[in-house]
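What follows is a short report on a single structure.
Values below: every heavy atom of this structure, side chains too, minus hydrogens, waters and symmetry copies.
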Amino acid sequence: MFEKTGGSLALTSLNHISLVCCSVEKSLDFYQNVLGFFPIRRPGSFDFDGAWLFSYGIGIHLLQSEDPESMPKKSVINPKDNHISFQCESMNMVEKKLKEMCIEYVKRTVEEGGIFVDQIFFHDPDGFMIEICNCDNLPVVPLAGEPVRVCRRVSFKNFHSHQQQQQQTSQVVQCLPTIHVNGDYSTPCA
């Protein structure tokens, strides 16, 4: 266990996540056209292939794998896997868009004390898990004995409350046949 010696690191925010890719081109297409990130300048002094993207206050740094064929392949969407989560304005719109793009996903609803949180999980081209949710429905409540920290969240539009209550379910939605739009999101490293 880490002893507190003068407090934790003085951090200000999440800057970026870094992902190793089978194909930087496929990942660029996915993060731009599915998640809405835009490419930004990357230092030219790097001696390896990659790309940087930015949106929603965070960066995604894509790094070309030196050996794409040896990268693990994930096909099962497991909500308990490592993932990054994005807040959205409309879960219905997200689900509609994923169906239009024929991206396989798992949908869940979690209830805590009468508060409902909808979640949609899917993979990027390399099998990294993405979650889209309305997690702001659930308040941030410090555990007893922990110092209270203020959490500021940016809302681009008024947030609408959950309109329909659902039982906690896990449902896989898959489109057949797969439609390829600027790349194959369902077959990593093919």
Plane angle bin for His61 and His16 - parallel if under 30°, tilted between 30 and 60°, otherwise perpendicular: parallel

Sub-6.0 Å ring centroid separation between Phe54 and Tyr31: no

CG/Asp49: more than 12 non-hydrogen atoms of other groups inside 6.0 Å: no

Nearest heavy-atom neighbours spanning Asn82 and Met129: O-CB, 3.2 Å

Joint cluster assignment, Tyr56 & Leu14, ILVMFWY side-chain distance < 4.5 Å: yes

Distance flag, aromatic centroids of His83 and Phe121, threshold under 6.0 Å: yes

For the student: nearest non-hydrogen atoms of Gln64 and Val24, plus distance: OE1-N, 3.1 Å

Under 3.5 Å donor-acceptor, Asn33 side chain and Asp29 backbone: yes

In one Ile/Leu/Val/Met/Phe/Trp/Tyr side-chain cluster, 4.5 Å: Met93, Val117: no

Distance-only side-chain donor-acceptor flag, Glu95 / Tyr105, under 3.5 Å: yes

Note: Asp126-Lys73 ion pair, threshold 4.0 Å (strictly below): no

Nearest atoms (heavy-atom pairs only) where Trp52 meets Pro43: CH2-CD, 3.3 Å

Heavy-atom closest contact (Phe116 atom, Asn134 atom, distance): O-OD1, 4.4 Å

Closest approach of Leu19 to Asp124 (non-hydrogen atoms, all atoms of both residues): CD1-OD2, 4.1 Å

Same apolar cluster: Ile115 and Val141, side chain cutoff 4.5 Å: no

Cation-pi check, Arg42 onto Phe48 ring (under 6.0 Å, within 45° of axis): yes

Closest approach of Cys135 to Gln87 (non-hydrogen atoms, all atoms of both residues): N-OE1, 3.1 Å

